[in-house]
Amino acid sequence: MLIRPYGDTRDDGVIQFSFTLPMPYSVKAADVGKQFLEKLGFHTVGIAECRAMDPEYTFFVAYARTDVGIDPDEVKGDYLEVEEMDFAAINALIKERLGRKLGVVGAAIESDAHTVGIDAIMNMKGFAGNYGLERYPEMDALNMGSQIPCAQLLRTALERDADAILVSQIVTQKNIHVQHLTQLIELLEAEGVRERFVLVVGGPRINNAFAKELGYDAGFGPRTTPLEVASFLAQEVVRRHEEA
Amino acid sequence: MLIRPYGDTRDDGVIQFSFTLPMPYSVKAADVGKQFLEKLGFHTVGIAECRAMDPEYTFFVAYARTDVGIDPDEVKGDYLEVEEMDFAAINALIKERLGRKLGVVGAAIESDAHTVGIDAIMNMKGFAGNYGLERYPEMDALNMGSQIPCAQLLRTALERDADAILVSQIVTQKNIHVQHLTQLIELLEAEGVRERFVLVVGGPRINNAFAKELGYDAGFGPRTTPLEVASFLAQEVVRRHEEA
Amino acid sequence: MSDALQLNGDLVDRARAAADAIADDIQRHIDEHTTDTTERASLRLLGITGVNEIDVPLVNVVVEHARSLLPSGILRPFVDLMDRTGRGAQEVAEGVAAGELTLAPVPPERCEGVEARAEALAREGVARIDAVRARRNELVATVGEPPKPYVYVIVATGNIYEDAAQAKAAARAGADVIAVIRTTAQSLLDYVPYGETTEGFGGTYATQENFRLMRAALDEVGEELGHYVRLCNYASGLCMPEIATMGALERLDMMLNDSMYGIIFRNINMQRTFVDQYLSRLINARAGIVINTGEDNYLTTADAFEAGHTVVSSDFINEAFALRANLEPWQIGLGHAFEIDPAKPDQVVYQIADAQLIRQLFPGYPLKYMPPTKYMPGDIFQGHIIDGMFNFTGILTGQEIMLLGMLTEALHTPLLQDRYVSIRNAKYVFEACRHLADEISYKPSGLIERRADEQLRRAVEQLEHVRSIGLFKALQNGEFADVKRDPDGGRGFEGVIKVAPDYFNPFFAALREGRMSGPPRGTERGETTAGDSAVAGGGD
Amino acid sequence: MSDALQLNGDLVDRARAAADAIADDIQRHIDEHTTDTTERASLRLLGITGVNEIDVPLVNVVVEHARSLLPSGILRPFVDLMDRTGRGAQEVAEGVAAGELTLAPVPPERCEGVEARAEALAREGVARIDAVRARRNELVATVGEPPKPYVYVIVATGNIYEDAAQAKAAARAGADVIAVIRTTAQSLLDYVPYGETTEGFGGTYATQENFRLMRAALDEVGEELGHYVRLCNYASGLCMPEIATMGALERLDMMLNDSMYGIIFRNINMQRTFVDQYLSRLINARAGIVINTGEDNYLTTADAFEAGHTVVSSDFINEAFALRANLEPWQIGLGHAFEIDPAKPDQVVYQIADAQLIRQLFPGYPLKYMPPTKYMPGDIFQGHIIDGMFNFTGILTGQEIMLLGMLTEALHTPLLQDRYVSIRNAKYVFEACRHLADEISYKPSGLIERRADEQLRRAVEQLEHVRSIGLFKALQNGEFADVKRDPDGGRGFEGVIKVAPDYFNPFFAALREGRMSGPPRGTERGETTAGDSAVAGGGD
Ligand code: B12
Ligand code: B12
Ligand SMILES: Cc1ncc(COP(=O)(O)O)c(C=O)c1O
Ligand SMILES: Cc1ncc(COP(=O)(O)O)c(C=O)c1O
């Protein structure tokens, strides 16, 4: 079933907008804003605010309606469906079915210096009240921190014979993260070791579908908890181990 | 020249959106929002917020880009170009060129009880530091107040042989103002007195083009000052007087 | 913080004395008059409902039919006709509407019996109200209470089903009180529309069926959330006591009920309004409903900085009328507002002074604090911040009923998401600043204390002046909200009737008799929604 | 409000004593070392600029070329070469770069003469800085000063021309300080890029030409607005003294300059950073530049509620280092931040305590107050309100440099309109609450005073502990920001050089000699933009 935005009345299609046009404010500025939104396909445009921000720019706040709808059932994607387990169950799974510690190496790579995200997943104290991977007795987790070159990350993962590599990418401006993430994949492939690792990426602008596209095994977005990641890693590593 | 919204970089086309979709939040909700904006013709969609507002509704905040531009020079409209005069000049104009007091009757019509707007224009104390029409010695201004039926307004205007009728319309929901404003025009026409009056409407959702479409002589929007209105009235009534 | 400002106790006493005298004076007028809607409300209290074939409510038909009998009250002849026909109230009303039955003066010999039966019926009517109140008490006790201040938002789609859906969403987002705004001109109708409605603009018709539908929706969501969700509607208008009756029967929890709002803002005749508000408030009092007064409105037409004291004096007047109508302090939600121009330097400092003054003048009263409206800009981001400072002032000064400002106030009645973001705004500010009031004190004789003192002084002056000229005259002079009204002008004047010496209406006594007292009590439940950590949102 | 909280003066004295001892200890290390960038900066102060054919700055080429001479300082051999060739500094550097000229140790007999000439050249170099400072004083005196607090916003497009356009728009909207954020990894470059740049991500390259372009843009808009608009950039990183030199010459007004930020957040070697910060601060001091320290960053990795005291102790340490580098209190913009989780009950109450404490501990210092960042949500409306409460806390506690929070903090570097709405937010809150601080006092021994006292106590404990183990060790333990660093690890360690007994660098003395004192003074101009009344916007 098609649905449309719900403002005041179901299906009214109301959307709120704000934007800046690089033009001086004038008596007709509001009409420019209105006709612009009409050109974009909206109707019943109400310009709520239209104000000179500066002699060269005009700021707009508007409400308008669309007749376009979307059917949520037709939106299909590569969503990660992890069966979330608890701390004890994860450790038990690794112990019983893998039979050794699960090795994890993580880092914020290349120019990215944001560690709070990867720390939240890996460090002892964890995040949102649940422990980080370092606390799992059945994991051997190393958080390398920030600005780690891809080559160094790989070297460490190989040295430690890790099962999984966790990468954090927070800065996404000018798609710098795509560049870094691709660089890592290419390195792994060039070295012929891509298949040796469960490769995971996370960050506020990451999702699973995007991660898959880039060649990663999974992607985690904002508000990820260590438990989700640990559940995924344990299940995936055990699965691969048993398949092999 | 075509211009596009200016977010971070000139011509990047960035627009901010917020809207509510009538669907439960789920892991794919962000994708539904993203694909919806793509269906509307936007690209580089970033879903900033996607949160259950309720089991049935999901709230979105997003940024996305458009490639559509608009040429402000091609936006033409029926803008009111009033040469703004000062208090003394307006009175002088009326005195010298009309030779009698300029009669004005104003009201918020029909179900509309909002008088602050019309009071700002007409009452002694005025608005934003400039006097209302009642203060002009060369005007004979009557503010009838709120909820005045069209018929009563017309009756009063005829009785006082007014030159201008000022109407305020603030409530616009379900286009109730269009209904009221049309009703007044039809009444004036039915009585054959449309041409006797300079007919003006004002309110926060009114502009000149819209007023003209409905058959009014001028329309005034938000932040109108009494001086603008007085300037227009004096010039327009004098013009008609001299043409007649 | 309840005595954070040093106020001059003498001035407070003088204000109350003057307000009392003003109200006593008007009360004499009230006691000497009845109105169409007072009589119609009395019939509704007997249980009469429904409309005729052209949608005129039966109570209007009956009162119209018996116009000549009204000076003595409709109830004596009506109950007499019930007696004579042996039919119930509803059947008699239908009979009258059908033209089958005719109301007639009651001969003296039947009076005593008829009056006794009418008194019994009045007690039954009041008992129905009591049962509803008892049900509220029970629900609050079992479902639980949300923490204060109450978060109050409006719905106004015109369609009661849409309103109900939106009200539920708002409650889930953290609203504690839902007010259904009436459609634009309803308050000027001299009857109450009937049945469920799905159209209206700027609001939804207030009908008994709509009340019932919304009540059911809120009970459902209250159960789900673990705290009682309150319902509010508007009594003020041409049918105050009738709507109050409907509210009492359908378990509304709050009603906008002002002794002067209709006069000033709806140009309803003042003689009419004072009479109407009296019965409507007696009913609200009985029903355990909290009233909200409308002083905030003054500051939309008059300047909030200059005329702030008129809010204070009007609050004293509304209090005096409310106490005369048997309302208990916990039921008297006096109104005030955050309407000083945000461009005024130190706006928030002055708003704190005003709000704190009113808080201290009316301890124990559930003050209703209205958000900025008149100066709200089209720039919703800026509006949202002004609302944030309103929320701050509210929590700092201990207001109990916070009407939330909407970032789109200048634009449209609230969208679903407008309420959501406003509630998030309020919940954050309330939690983040909850105990700030306990931590600070105001500098003696500082700007805040001086402003409060000046407001109080000016209010006393105004009240004593109004006492000397009488309230009718003051309204005529435009002393409230800069709006002038004629005692014989405005709508509904034709419905004001001087009562005859034998005027009879047992409800006035029945409503006062043996009433319950005190607010409903429940344990504080419902956690705050601010609890969900706001860590970096997003993800696409 | 400057002494609104009762603080324990003993604790304050103990904190300063410990910080002094900590800084003295490190100062010994500083005095015994030089670094590549210290030597390069000295060359820049002589007037050397430009790059070779592969874009390596000449100063880098020269220092690299003379690596073996560095323990005695580059200046003696360099000036000697100038003497010997009779060429100017720039020409000599070019000659060295071209491989034409070679630096060599100066034989003892020439030393005295060379040193005297080097001292004269150093005085000339410093005079150029003084001239720039005098120009600032003159401009501020003629153009005027904006009112406090300063509204500080960032630009970060990567393109200096785009940055300039946006900076002007921001200034017109009310910004008083414009900071140009450096491109993401610049602080890890061991050289300063050259020339104007139009590409960078997450920020724009800090180059001398970019500084100049932005300075010109801001002077232009300042003239237009009638108040001086300040320019800020970042010194911390691998080239602190060099960037400080560029800032001094291009009339920057503020620089982010922290004695430990590079160590903790950029993993720059600590031995290097302490040496670098010293010369960079001496230069900032001479240039009349206000430094901003980076304690706010601690609260992005450590929890603001738990670790708030580390900000306090670090502020004492930064103060001690700053005073040792000749900075005057009005130049020391100590950093702190509003980073307690907004979901924490009474968040604002605690933030007030923390901010007021720092205000009182450092009277006369232009505190730099950082907005919420880590907990900013994707919901921009909610984020805007959190920023509003930050603005409120800032004005209430008398902060002087307010970095404005952006409603899109969780999403992207600010859009043009993000700055605009944030500035409107701040201007409104500042004006609306401007004198609230004068009106209130804090309850003795209340939540606020107790929190402040506890923070101070914990800071003293930490400082005394750091004094006992030494700052190097404390950094190794991760005692600031939960980040651990190795004294011999991190970037730039290879550029730390133990000085020989004959180390010679006349700038250290020249920078201290006969300096001007005090801030620039101008009459407060520029009205507030909150002045435009916010009456109902809209119109379509
Ligand atoms: C803290 C912070 C910093 C700190 C970082 C300290 C540190 N050691 O981490 C400092 C001050 C150093 C910093 C610097 C910069 N920052 Co910064 N910073 C932030 C800030 C405020 C908070 C990030 C954060 O800690 N969030 C909290 C954590 C818990 O959330 P999270 O990272 O999303 O992580 C969660 C999930 O995403 C996921 N996750 C994340 N990683 C991983 C990895 C795996 C394997 C998995 C499974 C899950 C996962 O799980 C986590 C828990 O749920 C954000 C703004 C914001 N509010 O988001 C800006 C922000 C990220 N920074 C930004 C920028 C531009 C910079 C600079 C480049 C600015 C500059 N030019 O100087 C610098 C340079 C940094 C660099 N070289 O990378 C921009 C990025 C814009 C963009 N989209 O590209 C932001 C968005 C601010 C802004 N609006 O401009 N920053
Ligand atoms: C004050 C107010 C009231 C007061 C009015 C008191 C009074 N005597 O005026 C009271 C409390 C009574 C009221 C009631 C209602 N209100 Co009302 N009210 C407002 C409010 C807060 C401010 C309006 C105002 O005074 N603005 C200040 C003046 C100076 O601005 P202005 O009107 O735009 O006037 C300027 C220009 O437009 C122009 N102008 C205006 N008229 C004219 C005429 C001429 C001839 C000219 C030349 C120029 C001109 O010049 C003026 C000066 O620059 C607005 C929200 C807002 N912030 O705008 C809601 C608002 C207008 N109200 C609204 C509603 C829905 C109602 C009710 C219907 C609610 C209800 N169901 O009960 C009722 C019923 C009113 C009715 N029957 O009309 C909605 C309208 C939604 C819509 N777009 O349709 C608004 C937008 C609030 C909202 N967000 O829901 N309201
Ligand atoms: C006390 C009071 N009654 C009633 C109303 C609403 O009345 P109406 O339905 O006439 O708009 C208001 C609105 O502000 C009010 O304050
Ligand atoms: C003191 C200090 N210096 C420098 C920076 C920026 O450094 P970089 O350019 O390395 O991101 C910051 C950023 O927060 C800072 O606080």
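Note that these values count all heavy atoms, side chains included, but never hydrogens, waters or copies made by symmetry. Protein chains get the first letters and strands the later ones, always in sequence-line order, with residue 1 at the start of each.
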Asker: Let me confirm one number: the NZ-NE2 distance from C:K374 to B:H114, rounded to the nearest 0.5 Å.
Answerer: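 The NE2 atom of B:H114 is 12.0 Å from NZ of C:K374, to the nearest 0.5 Å.
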Asker: Got a sec: does the CZ of B:F42 have more than 12 other heavy atoms crowding it under 6.0 Å?
Answerer: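 Yes - once you tally the heavy atoms of other residues, nucleotides and ligands closer than 6.0 Å, there are more than 12.
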Asker: Any salt bridge (Lys or Arg N to Asp or Glu O under 4.0 Å) involving residues 111-127 of chain B? Give me the pairs, sequence neighbours left out, ordered by first then second residue.
Answerer: B:K125-C:D482
Asker: Please determine whether the number of non-hydrogen atoms from other residues, nucleotides or ligands lying under 6.0 Å from atom NZ of C:K484 exceeds 12.
Answerer: no
Asker: At a heavy-atom distance under 4.5 Å, which candidate from C:A185, C:A170, C:G158, C:G202 has the highest pair count against chain B?
Answerer: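 Ranked by heavy-atom pairs under 4.5 Å with chain B, first place is C:G202.
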Asker: Grab the two heavy atoms, one from B:Q147 and one from C:R491, that are nearest each other, plus how far apart they are.
Answerer: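 For B:Q147 versus C:R491, the nearest heavy atoms are O-NH2, 3.7 Å.
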Asker: Between C:T183 and chain B, which part of the residue has a heavy atom less than 4.5 Å away: side chain, backbone, both or neither?
Answerer: neither
Asker: What heavy-atom pair brings B:V116 and C:T301 nearest, and what distance separates the two atoms?
Answerer: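 Looks like CG2-CG2, 3.9 Å.
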Asker: Might you point out which heavy atoms bring B:D54 and C:R172 nearest each other, and give the distance in Å?
Answerer: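 Closest approach of B:D54 to C:R172, heavy atoms only: OD2-NH1, 2.6 Å.
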Asker: By number, which residues in residues 55-63 of chain B have some heavy atom less than 4.5 Å away from chain C?
Answerer: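 Listed by number: B:P55, B:E56, B:Y57, B:F59.
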Asker: Within the distance-only criterion (no hydrogens, no angle test), does the side chain of B:Q173 pair as donor or acceptor with the backbone N or O of C:F201 below 3.5 angstrom?
Answerer: no
Asker: For C:V483, is it the side chain, the backbone, both or neither that has a heavy atom under 4.5 Å from a heavy atom of chain B?
Answerer: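 For C:V483, no heavy atom lies under 4.5 Å from chain B.
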Asker: Chain C heavy atoms under 4.5 Å from B:A52: which part of the residue, side chain, backbone, both or neither?
Answerer: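 B:A52 touches chain C through backbone heavy atoms alone.
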Asker: For B:R205 versus C:L411, what's the shortest heavy-atom pair and its separation?
Answerer: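 Looking at all heavy atoms of both residues, the closest pair is NH2-CD2, 3.8 Å.
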Asker: Highest number of heavy-atom pairs under 4.5 Å with chain B: which of C:A156, C:A171, C:A169?
Answerer: C:A169
Asker: Just wondering, more than 12 heavy atoms not from B:Q152 lying within 6.0 Å of its CD?
Answerer: yes
Asker: Look at atom CZ of C:F493 and say whether more than 12 heavy atoms of other residues, nucleotides or ligands are closer to it than 6.0 Å.
Answerer: yes
Asker: Could you state the interatomic distance from OG1 (C:T413) to NZ (B:K174), rounded to the nearest 0.5 Å?
Answerer: 7.5 Å
Asker: Flag yes if more than 12 heavy atoms outside B:E38 fall under 6.0 Å of its CD atom; otherwise flag no.
Answerer: yes
Asker: Can you name the residues that form a side chain to side chain contact (heavy atoms under 4.5 Å, CB included) with B:E84, not counting sequence neighbours?
Answerer: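 B:E84: side chain to side chain contact (heavy atoms under 4.5 Å, CB included) contacts with B:L227, B:E228, B:S231.
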Asker: Do any of residues 4-19 of chain B come closer than 4.5 Å to chain C, heavy atom to heavy atom, and if so which ones, in number order?
Answerer: B:Q16, B:S18, B:F19
Asker: By a 4.5 Å heavy-atom criterion (distance strictly below it), what part of C:L188 contacts chain B: side chain, backbone, both, or neither?
Answerer: side chain
